[in-house]
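The structure presented is a predicted model; accordingly, all values stated were derived computationally and were not measured.
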Amino acid sequence: VSNAGVGMAGPLECQSLAAMQSLMDTNFFGLVRLVKEVLPDMKRRRGGHIVVISSIMGLQGIVFNDIYSASKFAVEGFCESLVVQALRFNVAISLVEPGPVMTEFETKLYEEAERADYSRTDPETAEIFTKLYLRNSRDVFTSLGQTPEDIAEHTLRVIEAARPPFRHQTNVAYTPMAALKHADPSGALITDAYYKLVFKYDAVLRFGLR
């Protein structure tokens with residue numbers, strides 16, 4: 001089970017390349033190193049199961065989570081490319097895709113975001129992040145967040161499945177988001193929907209969450 005991960009949220013201009021590279025080294029290359037270590041033996045004995053804790057943000061990018069989403073997209077692409085070869089050796093790969101999870105990981109991330117220096121971005125972007133994004137994120141976590149125990153139960157079901165699924169989303173509230181993305185290959189539909197939720201109907205979004 002690959003579960004190592006770090007988070008990053010905020011305006012792109014305020015994040016250093018070193019911090020971005022460190023995140024990718026943990027979230028993506030940490031998984032790659034683990035798989036390189038365990039896969040050869042699984043292939044030799046023609047059996048095994050690699051379970052990867054991914055994220056709904058590996059399926060759909062979320063505003064102000066550019067680098068974290070990129071790392072999870074990399075995880076998803078890596079596993080999607082590898083799974084066909086692995087199946088040839090009777091090795092299963094499963095991606096567990098949670099939405100928001102209420103842990104100290106998230107609490108620390110948002111506490112750091114509230115204290116951060118946003119002088120390297122323009123005032124409008126800083127205000128959108130601090131006044132819209134952070135406020136809406138609290139409502140999202142309060143309304144839709146799962147407990148670590150819930151994610152553990154989902155992961156256990158994936159591990160014990162007779163035919164392990166390749167993808168398993170833990171939060172049904174995010175199923176429409178994934179469907180909306182696939183409904184329009186041009187991307188216009190989901191981009192427009194998110195733009196309106198963030199910039200036009202954020203009050204309706206918060207009310208609906210509450």
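- Under the 4.5 Å side-chain criterion, counting only non-hydrogen atoms from C-beta, Cys79 is in contact with Leu31.
- When all heavy atoms of Gln169 and Ile56 are compared, the pair lying nearest together is OE1-CD1, 3.8 Å.
- Looking at Val52 and Val75, their side chains come closer than 4.5 Å, going by heavy atoms from C-beta outward.
- Residues Val101 and Val1 do not share a hydrophobic cluster, clusters being chains of Ile/Leu/Val/Met/Phe/Trp/Tyr side chains in contact below 4.5 Å.
- The structure places CD1 of Ile151 at 13.0 Å from CG of Leu156, a figure rounded to the nearest 0.5 Å.
- Side-chain contact between Tyr174 and Leu59 is absent, with no heavy-atom pair separated by less than 4.5 Å.
- Using a 4.5 Å cut-off between side-chain heavy atoms of Ile, Leu, Val, Met, Phe, Trp and Tyr, with links allowed through other members, Leu34 and Val158 fall into different hydrophobic clusters.
- With 3.5 Å as the limit, one finds no donor-acceptor pair spanning the side chains of Glu97 and Thr170.
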> Phe64 and Leu134: side chain to side chain contact (heavy atoms under 4.5 Å, CB included), yes or no, with the steps?
Replying inline: CA-CA 10 Å; Phe64 290 119; Leu134 289 179; over 6 Å; no
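- Annotation: side chain of Ile93 is not in contact with side chain of Leu87 (no heavy-atom distance under 4.5 Å).
- Taken to the nearest 0.5 Å, the CG atom of Asn27 stands 9.5 Å off from the OG atom of Ser54.
- Between Leu12 and Met20, the closest side-chain pair of non-hydrogen atoms falls below 4.5 Å.
- Residues Asp192 and Lys196 form a side-chain contact, since some pair of their non-hydrogen atoms from C-beta on lies under 4.5 Å apart.
- In this structure, the side chain of Asn171 engages the main chain of Leu144 through a donor-acceptor pair within 3.5 Å.
- In this structure, the separation between CD on Gln21 and CD1 on Ile67 is 10.5 Å, given to the nearest 0.5 Å.
- Proximity of a side-chain donor or acceptor of Arg120 to a complementary backbone N or O of Cys14 within less than 3.5 Å is detected.
- Among residue pairs with one or both ends in residues 170-189, none qualify as salt bridge (charged side-chain N to carboxylate O under 4.0 Å, His left out); sequence neighbours excluded.
- Within 6.0 Å of the CZ atom in Phe29, the count of heavy atoms belonging to other residues, nucleotides or ligands does not exceed 12.
- For the pair Thr121 (side chain) and Tyr118 (backbone), a donor-acceptor distance under 3.5 Å is absent.
- To the nearest 0.5 Å, atom CD1 of residue Ile190 and atom CD of residue Gln60 are 3.5 Å apart.
- The main-chain N or O of Gly30 is never found under 3.5 Å from a side-chain atom of Asp25 such that the two would form a donor-acceptor pair.
- For the residue pair Asp122/Thr125, the side-chain donor-acceptor check at 3.5 Å is satisfied.
- Val96 and Val172 sit in two unconnected hydrophobic clusters of ILVMFWY residues. Membership requires side-chain heavy atoms under 4.5 Å apart, directly or through other members.
- In this structure, Phe28 is a member of the same hydrophobic cluster as Val38, with clusters built from ILVMFWY side-chain heavy atoms closer than 4.5 Å.
- Rounded to the nearest 0.5 Å, atoms CD1 (Ile53) and NZ (Lys72) are 8.0 Å apart.
- Annotation for Ala74 and Met24: closest pair CB-CE, 4.3 Å, computed over non-hydrogen atoms.
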>> Phe166 vs Glu80, test: side chain to side chain contact (heavy atoms under 4.5 Å, CB included). Steps then yes/no.
In response: CA-CA 8 Å; Phe166 175 56; Glu80 192 170 283; 4.0 Å; yes
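- Using a 4.5 Å cut-off on side-chain heavy atoms (C-beta onward), His168 and Leu95 make no contact.
- For the atom pair CZ (Phe89) and CZ (Arg46), the distance works out to 5.5 Å, reported to the nearest 0.5 Å.
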> Does the pair Val35 and Met42 meet the rule for a side chain to side chain contact (heavy atoms under 4.5 Å, CB included), with working shown?
Replying inline: CA-CA 10 Å; Val35 172; Met42 289 181 174; over 6 Å; no
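- In this structure, Asn65 contributes its side chain and Ala9 its backbone to no donor-acceptor pair below 3.5 Å.
- Under the 3.5 Å distance criterion, with hydrogens and angles disregarded, a donor-acceptor pair is assigned to the side chains of Ser94 and His49.
- Using cut-offs of 30° and 60° on the angle between ring planes, the pair Tyr133 and Phe129 is parallel.
- Formation of a donor-acceptor pair under 3.5 Å by the Ser69 side chain with backbone atoms of Asp66 is not found in this model.
- Residues Leu39 and Leu82 have side chains in contact (heavy-atom distance under 4.5 Å, counting atoms from C-beta outward).
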>> Quick one, Arg88 with Lys43, criterion side chain to side chain contact (heavy atoms under 4.5 Å, CB included). Give me CA distance, side-chain angles, the key distance, then yes/no.
In response: CA-CA 9 Å; Arg88 176 72 178 178; Lys43 289 166 75 173; over 6 Å; no
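- The minimum heavy-atom distance linking Leu189 with Ala183 is given by the pair CD2-CB, 4.3 Å.
- Taking each heavy atom of Tyr68 and Met8 in turn, the nearest pair found is CB-O, 3.8 Å.
- In terms of heavy atoms, Arg135 sits closest to Lys131 at NE-O, 3.2 Å.
- In the hydrophobic clustering of ILVMFWY residues, with side-chain heavy atoms under 4.5 Å counting as a link, Phe73 and Val32 come out apart.
- Not one N or O on the side chain of Ser22 forms a donor-acceptor pair closer than 3.5 Å with the backbone of Ala18.
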